[in-house]
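The basis for the numbers below is simple: all heavy atoms, side chains too, and nothing from hydrogens, waters or symmetry mates. Computed from a predicted structure; not experimentally measured.
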Amino acid sequence: MHYIVATDGSDESEEAIRYGAHQAIALDAGLEVVHVLTPQTELIDGEIVMPGGDRAVEYGEQTLENATGLIEDVLEAHDTILEIETTLLAGHPANAITDHADDVGADAIYVGHRGLSSERQRLVGSVAKSVVDKSNVPVTICR
């Protein structure tokens, strides 16, 4: 079995990481933590430029490293080992997460949800809700 936990570095995604780790331990599954880079592009002198690209990658790598630390804490508490992978993805978060889950044959996805106000959610949407809508495997939302 192969589980995916998506993280954006928020407290809610940290809960998803811990919960996903507990589930992976219980069911002897591999665990992959993904972070999606959502680069903003600008058109400058007729060329598409991605400002802050290196910073986005550094932030993504740090986010994955922090997630791995959280999983290792759970593993230590259970005195067990677990196969952990980390992957940086790029694009629209919900699409990147669900497409990757399909590509690797994931059995489940775990995501955090911030619980935005209904007005803000109508404006920006919810990555968690979009993952549920697009996913071909069970999705667990943690708050």
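Residues forming a side chain to side chain contact (heavy atoms under 4.5 Å, CB included) with A106 (at least two apart in sequence, or on another chain): H2, I4, A101, V104. Looking at residues two or more places apart in sequence or on another chain, you find a side chain to side chain contact (heavy atoms under 4.5 Å, CB included) between I141 and V111, H113, A128, V132, V139. Residues satisfying the side chain to side chain contact (heavy atoms under 4.5 Å, CB included) test with A21, not counting sequence neighbours, are L31, I71, V74. Checked against side-chain hydrogen bond (donor to acceptor under 3.5 Å, both in side chains), D107 has no partners two or more places apart in sequence or in another chain. By the side-chain hydrogen bond (donor to acceptor under 3.5 Å, both in side chains) test, T7 pairs with S13, sequence neighbours left out. Checked against side chain to side chain contact (heavy atoms under 4.5 Å, CB included), E58 has no partners two or more places apart in sequence or in another chain. When the side-chain hydrogen bond (donor to acceptor under 3.5 Å, both in side chains) test is applied to N136, the partners found at least two apart in sequence or on another chain are D102. Residues satisfying the salt bridge (Lys or Arg N to Asp or Glu O under 4.0 Å) criterion with D99, sequence neighbours excluded, are absent altogether.
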Test side-chain contact (heavy atoms from CB on, under 4.5 Å) on I25 and L75; report intermediate values, then the result. CA-CA 8 Å; I25 291 167; L75 295 175; 3.6 Å; yes
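Closest approach of G91 to V36, counting heavy atoms only: O-CG1, 3.3 Å. Residues C142 and A16 share a closest heavy-atom pair of SG-CA, 3.6 Å. A6 and I97 make their closest contact through CB-CD1, 3.5 Å (heavy atoms, listed as atom of the first residue, atom of the second, distance). Looking at every heavy atom in both residues, A96 comes nearest to A90 through CB-O, 3.8 Å. Scanning both residues, A67 and I17, for their nearest heavy atoms gives CB-CD1, 3.4 Å. The nearest pair of heavy atoms linking I109 to S135 is CD1-OG, 3.7 Å.
A 6.0 Å sphere centred on CG of D28 holds no more than 12 heavy atoms belonging to other residues, nucleotides or ligands.
Taking OH of Y110 as the reference point, atom OH of Y19 lies at 6.0 Å (rounded to 0.5 Å). Of the inter-residue distances, the one linking L27 atom CG with M1 atom CE reads 5.5 Å to the nearest 0.5 angstrom. Rounding to the nearest 0.5 angstrom, the gap separating the CG atom in D133 from the OG1 atom in T98 is 10.0 Å. Within the model, atoms CG of L88 and NE2 of H100 stand 10.5 Å from one another, a figure rounded to the nearest 0.5 Å.
For residues 80-93, the pairs satisfying side-chain hydrogen bond (donor to acceptor under 3.5 Å, both in side chains) are E32-T87, with sequence neighbours left out. Applying the ring pair (Phe, Tyr, Trp, His ring centres under 6.0 Å) definition to pairs two or more places apart or across chains, those involving residues 54-82 are H22-H78, H35-Y59. Annotation: side-chain hydrogen bond (donor to acceptor under 3.5 Å, both in side chains) contacts involving residues 65-77, sequence neighbours excluded, comprise Q62-N66.
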